[in-house]
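What follows is a short report on a single structure.
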Amino acid sequence: ATLIEQDEIPDSVLVSHMTGQYGPFAPSSLGEESEYTIENELISLTISSKGGAIKKAQLKDFKKVELLENNKEEKVELYLLEDEKNKFRYEIPVVGVPGNIIRSDELFYTATQDESSIVLTAKGDNGVFFKQSYSLKPGKYDLDYSIEMGGLGRYIPTNANSMNLNWVNYLDRLEKVDHFRLRQFGR
């Protein structure tokens, strides 16, 4: 038997193979991850083309304190949402795929961006798309976020009237730990 490397298989064959798992979103099931940054004066967001979710958020005017091995403190940049275990995905109801659900974090998105906004689109067959848009306001921590879907009419189960969002964040401890208080009061 001859082994064939995945990069030797034409994309059209791979997409055809992925149709059983991703239905109309099969074309967006293949790709390579890229990271994009949008920012304003206060915040910088890194967003992944795989899943279209924020990978980390830097608050530019804030620092966190890390304790070094020699028990000295060091102030470092403050990043939020950067834990690898974090999840942010929509469960899109689609007929004919395993579990009748496509997870948005398994799709690859194309990006259109400027300095403070980005639109990520997972494109499917026959005009199907799932779009996530992020926009930062100047001088504010506010983030406008929206989703849009299109072309899914014939793929949505007749009993589907909602879509789940699975959002889990593991957050760092940001406050300085008072060891005396921990010993005395257990908090």
Side-chain angles (χ1 to χ4, degrees), residues 11-12 14-15 18-19 21-62 77-97 99-157 160-171:
D11 285 348
S12 59
L14 290 172
V15 168
M18 300 306 284
T19 299
Q21 186 170 350
Y22 293 99
F25 283 103
S28 289
S29 68
L30 304 170
E32 290 187 28
E33 184 174 21
S34 299
E35 292 183 354
Y36 301 93
T37 301
I38 61 171
E39 60 187 322
N40 65 18
E41 309 81 31
L42 301 173
I43 188 168
S44 176
L45 301 176
T46 302
I47 301 169
S48 174
S49 66
K50 182 165 189 217
I54 298 172
K55 287 193 83 159
K56 65 182 174 184
Q58 178 192 7
L59 302 183
K60 295 178 179 181
D61 288 344
F62 294 90
E77 301 295 328
L78 175 57
Y79 290 96
L80 304 174
L81 309 175
E82 65 180 339
D83 195 299
E84 293 291 324
K85 297 180 299 239
N86 288 347
K87 291 181 194 170
F88 185 89
R89 72 172 177 225
Y90 290 95
E91 295 174 346
I92 305 166
V94 174
V95 172
V97 298
N100 286 336
I101 288 177
I102 294 174
R103 291 176 179 84
S104 65
D105 64 339
E106 295 176 1
L107 301 176
F108 290 90
Y109 295 73
T110 56
T112 305
Q113 78 171 113
D114 61 31
E115 186 178 341
S116 63
S117 65
I118 188 167
V119 176
L120 296 132
T121 307
K123 297 176 185 171
D125 293 326
N126 303 316
V128 169
F129 69 89
F130 183 79
K131 187 182 293 187
Q132 300 182 68
S133 301
Y134 299 85
S135 182
L136 290 169
K137 302 232 187 267
K140 295 186 176 196
Y141 290 102
D142 296 350
L143 172 67
D144 286 336
Y145 173 74
S146 64
I147 61 169
E148 181 182 350
M149 296 184 296
L152 283 166
R154 69 181 195 191
Y155 299 103
I156 302 272
N161 58 9
S162 65
M163 179 172 60
N164 291 330
L165 169 62
N166 183 342
W167 188 0
V168 178
N169 282 319
Y170 293 86
L171 302 175

> So do the side chains of Leu120 and Thr110 get within less than 4.5 Å of each other, counting heavy atoms only?
Replying inline: no
>> Suppose we screen for salt bridge (Lys or Arg N to Asp or Glu O under 4.0 Å). Which residues come up paired with Arg89, at least two apart in sequence or across chains?
In response: Glu91, Asp105
>> Under a 4.0 Å threshold between the charged nitrogen and the carboxylate oxygen, would Glu77 count as salt-bridged to Lys60?
In response: no
Donor-acceptor contacts, no H, no angles, side chain residues 139-152, under 3.5 Å, sequence neighbours left out:
unit_1: Asp144; atom_1: OD2; unit_2: Lys137; atom_2: NZ; d: 2.8
unit_1: Tyr145; atom_1: OH; unit_2: Tyr90; atom_2: OH; d: 3.3
unit_1: Tyr145; atom_1: OH; unit_2: Gln132; atom_2: OE1; d: 2.7

>> Taking the side chain as everything from C-beta on, heavy atoms only, tell me whether Ile43 gets closer than 4.5 Å to Phe62.
In response: no
>> Looking at every non-hydrogen atom in both residues, tell me the closest pair between Val95 and Ile156 and how far apart they are.
In response: CG2-C, 3.9 Å
>> Rounded to the nearest 0.5 Å, what separates atom CD1 in Ile118 from atom OG1 in Thr112?
In response: 8.0 Å
>> I need the full list of side-chain hydrogen bond (donor to acceptor under 3.5 Å, both in side chains) pairs touching residues 40-54, with sequence neighbours left out, sorted by first then second residue.
In response: Glu33-Ser48
> Can you tell me how far CG of Asp114 sits from CD1 of Ile38, rounded to the nearest 0.5 angstrom?
Replying inline: 8.5 Å
> What's the shortest heavy-atom distance between Ala122 and Phe25, and which atoms?
Replying inline: O-CE2, 3.7 Å
> Does the side chain of Leu42 come within less than 4.5 Å of Asp61's, by heavy atoms?
Replying inline: yes
>> Once rounded to the nearest 0.5 Å, what's the spacing between atom OG of Ser29 and atom CZ of Phe108?
In response: 8.5 Å
> What is the minimum heavy-atom distance between Pro27 and Asp125, and which atoms define it?
Replying inline: CG-OD1, 3.3 Å
> Which is it for Glu35 and Lys55 under the salt bridge (charged side-chain N to carboxylate O under 4.0 Å, His left out) test, yes or no, and what are the steps along the way?
Replying inline: CA-CA 9 Å; Glu35 292 183 354; Lys55 287 193 83 159; 3.4 Å; yes
> Measuring from Phe129:CZ to Ser28:OG, what's the distance to the nearest 0.5 Å?
Replying inline: 12.0 Å
> Does a side-chain heavy-atom distance below 4.5 Å link Met163 with Pro93?
Replying inline: yes
> Hey, does Lys131 have a side-chain heavy atom less than 4.5 Å from the side chain of Val119?
Replying inline: yes
>> Within this structure, what is the CZ-CD1 distance for the pair Phe88 and Ile47, rounded to the nearest 0.5 Å?
In response: 10.5 Å
> Where do Tyr134 and Gly52 come nearest, in terms of heavy atoms and distance?
Replying inline: OH-O, 2.6 Å
> Does NZ or CZ of Lys85 come closer than 6.0 Å to the centre of the six-membered ring of Tyr170, within 45° of the ring's axis?
Replying inline: yes
>> Are Ile101 and Val94 packed together at the side-chain level, in the sense that at least one heavy-atom pair is separated by less than 4.5 angstrom?
In response: no
> Checking side-chain contact (heavy atoms from CB on, under 4.5 Å) for the pair Asn169/Asp83: CA distance, chi angles, key distance, verdict?
Replying inline: CA-CA 8 Å; Asn169 282 319; Asp83 195 299; over 6 Å; no
>> With side-chain hydrogen bond (donor to acceptor under 3.5 Å, both in side chains) as the criterion, how do Tyr22 and Glu106 come out once you've worked through the C-alpha distance, each side chain's angles and the decisive distance to 0.1 Å?
In response: CA-CA 9 Å; Tyr22 293 99; Glu106 295 176 1; 3.0 Å; yes
> How many angstroms lie between CG in Leu136 and OG in Ser117, if you round to the nearest 0.5 Å?
Replying inline: 8.5 Å
>> Does any part of the side chain of Leu59, heavy atoms only, come nearer than 4.5 Å to the side chain of Leu80, both counted from C-beta?
In response: yes
